[in-house]
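Note sheet for the following structure.
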Amino acid sequence: MSERIETDVVIVGAGPVGLFAVFELGLLDIKAHLVDILPKIGGQCAELYPEKPIYDIPGFPVITGQGLIDNLLRQIEPFKPTFHLGEMVEGLESLGDAEHPRFRITTDAGKVFECKAVIVAAGGGSFQPKKPPIERIDAYENTGVFYAVRKMEAFRDKRILIVGGGDSALDWTLNLQPLAKHLTLLHRRDAFRAAPDSVNKMRALVAAGAMDFELGQVVGLKGPAPTLEAAVVRRDDGSTFEVPCEVLLPFFGLTMKLGPIAEWGLNLHENLIPVDTEKFETSTPGIFAIGDINWYPGKLKLILSGFHEAALAAQKAHRYVYPEKKLLFQYTTSSTSLQKKLGVVPDTRKQPEAV
Ligand SMILES: Cc1cc2nc3c(=O)[nH]c(=O)nc-3n(C[C@H](O)[C@H](O)[C@H](O)COP(=O)(O)OP(=O)(O)OC[C@H]3O[C@@H](n4cnc5c(N)ncnc54)[C@H](O)[C@@H]3O)c2cc1C
């Protein structure tokens, strides 16, 4: 029998943006349940780059992916969100009307939620790394070939070959170079999609002899599987050479699999959900889309953009959850009632006498 849960809002996705939505909803007395396919909280930050530093979170000159998620969890703790991890939201059905929306959400674990608003914070959907077409690559996966860096320490004193020319390849080149025994960056051409600053830093390391940069493509792997010993690289002119390595990190981007979201009857724009920029609501009243999953002119896929979107979506969600209440805008620092919710000041209201 399926489990039935009634709540104010269901948040699809427990990445950084879904987590911050809990905070913004909580300030408005709105309760949330979060569902995520991954078995852990934190979306891309926790899954793809827990130890990579992030430099563009306001108020934090530097923080790691996991550090940010840990802080967000501390920040939303007063609102006691419920997490449903390792579960995919499959079905989303509208029950009410535009003025009084209600939704039924079903997960692949058989749970059924009924709620007044839905916040889709599903990032790129379920993201999967694009694998390079190298014969027998599966035989080395998770022993010599990794598509994400979960623990930098695992690569200490290893000979590392990083392949790619985007931000992930360059970020990990700069972060892993200090602890690698030797690091080589390999790219098809001497032009990069990554941030110019990262490319300049990489070139400076190459000039100082601290790492190598090679042109070419990996066409084969050597070593008694699952132990990787070298990668065979082919240059543009057809000649080949070997790069000795115990670790190969191919960063060829992620395939974003939208999954069941495509079946929810929402308008889509190239696998993203278009929203207005006033309340980040989708084509269906009561369903909001925030973070990497949404699209609007000028959208930047940055965590800080998602935080702003969460704040505005929560204001509109309040109208659906409490149609009879007027919402007054308040700062957390100037409202004692908000501070009580956050546990910053003790609740001194007189408690009813025990009888
Ligand atoms: C290597 C790398 C470095 C980056 N560096 C920075 C940086 O320095 N600064 C910055 O601002 N941004 C950075 N980003 C981008 C940043 O990580 C994203 O903008 C951010 O994670 C988006 O957050 P989100 O919560 O919208 O989505 P996500 O983090 O993608 O989380 C979405 C969650 O939704 C879940 N989900 C999807 N579909 C369903 C479903 N049907 N049911 C249940 N769960 C579902 C997914 O499993 C996932 O956990 C970086 C990204 C990468 C890959």
Side-chain angles (χ1 to χ4, degrees), residues 10-22 33-58 60-69 72 83-92 105-109 111 113 118-130 147-150 162 164 166-175 194-195 197-198 249 251-254 256-264 266 271-273 280 288-295 299-310 313:
V10 170
I11 301 174
V12 184
V17 176
L19 294 179
F20 193 64
V22 172
H33 282 242
L34 299 100
V35 187
D36 203 300
I37 303 166
L38 296 175
K40 64 169 177 254
I41 296 168
Q44 296 176 47
C45 297
E47 179 67 9
L48 299 181
Y49 57 98
E51 296 187 353
K52 185 186 88 73
I54 311 175
Y55 299 102
D56 53 359
I57 302 299
F60 291 96
V62 58
I63 189 161
T64 61
Q66 189 60 50
L68 175 65
I69 297 306
L72 284 165
F83 290 95
H84 306 264
L85 299 176
E87 275 183 59
M88 179 163 74
V89 171
E90 278 187 335
L92 196 166
I105 282 184
T106 46
T107 75
D108 59 355
K111 283 186 196 149
F113 295 86
V118 179
I119 294 190
V120 184
S126 49
F127 42 86
Q128 287 160 14
K130 284 188 198 155
Y147 301 104
V149 178
R150 304 244 153 72
I162 293 184
D167 280 315
S168 297
L170 269 288
D171 276 6
W172 284 120
T173 295
L174 300 179
N175 283 294
D197 182 50
S198 308
L249 298 168
F251 291 115
F252 288 9
L254 300 169
M256 301 302 189
K257 288 231 172 353
L258 198 54
I261 297 172
E263 315 298 319
W264 295 348
L266 302 170
N271 273 353
L272 298 168
I273 306 176
F280 299 94
F288 301 84
I290 59 175
D292 279 13
I293 191 76
N294 75 11
W295 180 85
K299 166 75 181 182
L300 286 180
K301 285 191 183 180
L302 285 176
I303 296 164
L304 67 85
S305 318
F307 288 170
H308 160 79
E309 295 159 13

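Whatever order the structure lists them in is the order used to number ligands and atoms, beginning at 1. Quick caveat: nothing in here was measured; it's all calculated off a predicted structure. Numbering of residues begins at 1 and proceeds along the displayed sequence.
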[X]-ligand 1 polar pair, N/O distance under 3.5 Å:
{"X": "Trp172", "result": "no"}
{"X": "Met88", "result": "no"}
{"X": "Ile290", "result": "no"}
{"X": "Asp171", "result": "no"}

What are the atoms of ligand 1, with element, lying closer than 4.0 Å to any heavy atom of [X]?
{"X": "Ala121", "result": "32 (C), 33 (C), 34 (O)"}
{"X": "Val89", "result": "40 (C), 41 (N), 42 (N), 43 (C)"}
{"X": "Gly13", "result": "33 (C), 34 (O), 35 (C)"}
{"X": "Val17", "result": "23 (O), 24 (P), 25 (O), 26 (O)"}
{"X": "Gly291", "result": "26 (O)"}
{"X": "Lys301", "result": "19 (O)"}
{"X": "Lys52", "result": "3 (C), 4 (C), 5 (N), 8 (O)"}

Please state which option from [options] has its nearest heavy atom closest to [atom].
{"atom": "atom 38 (N) of ligand 1", "options": "Gly259, Gly91, Ala122, Gly18", "value": "Ala122"}
{"atom": "atom 19 (O) of ligand 1", "options": "Asp292, Leu170, Ile69", "value": "Asp292"}
{"atom": "atom 39 (C) of ligand 1", "options": "Val10, Ile37, Leu34", "value": "Ile37"}

Worksheet item: Can you tell which part of Glu87 has a heavy atom less than 4.0 Å from ligand 1: side chain, backbone, both or neither?
Response: backbone

Worksheet item: Which is it for Asp56 and ligand 1 at heavy atoms under 4.0 Å: side chain, backbone, both or neither?
Response: side chain

Worksheet item: Quick one: side-chain hydrogen bond (donor to acceptor under 3.5 Å, both in side chains) partners of Glu263, sequence neighbours excluded?
Response: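 Glu263 satisfies side-chain hydrogen bond (donor to acceptor under 3.5 Å, both in side chains) with no other residue.
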
Discussion item. For Phe252 versus Lys130, what's the shortest heavy-atom pair and its separation?
Written reply: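 Closest approach of Phe252 to Lys130, heavy atoms only: O-CD, 3.4 Å.
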
Worksheet entry | Contact check, side chains of Val149 and Phe251, non-hydrogen atoms, under 4.5 Å |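 Yes, side chains in contact.
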
Worksheet item: Mind checking whether His84 and His33 have parallel, tilted or perpendicular rings, split at 30° and 60°?
Response: parallel

If you measure from each heavy atom of [X] to ligand 1, is any distance below 4.0 Å?
{"X": "Gly125", "value": "yes"}
{"X": "Glu90", "value": "no"}
{"X": "Ser168", "value": "yes"}

Worksheet entry | Among Phe288, Phe280, Trp264, side chain to side chain contact (heavy atoms under 4.5 Å, CB included) partner for Val120 |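 The side chain to side chain contact (heavy atoms under 4.5 Å, CB included) with Val120 is passed solely by Trp264 among Phe288, Phe280, Trp264.
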
Worksheet item: Just how far is it from atom CD1 of Ile290 to atom CD1 of Ile119, taken to the nearest 0.5 Å?
Response: 5.0 Å

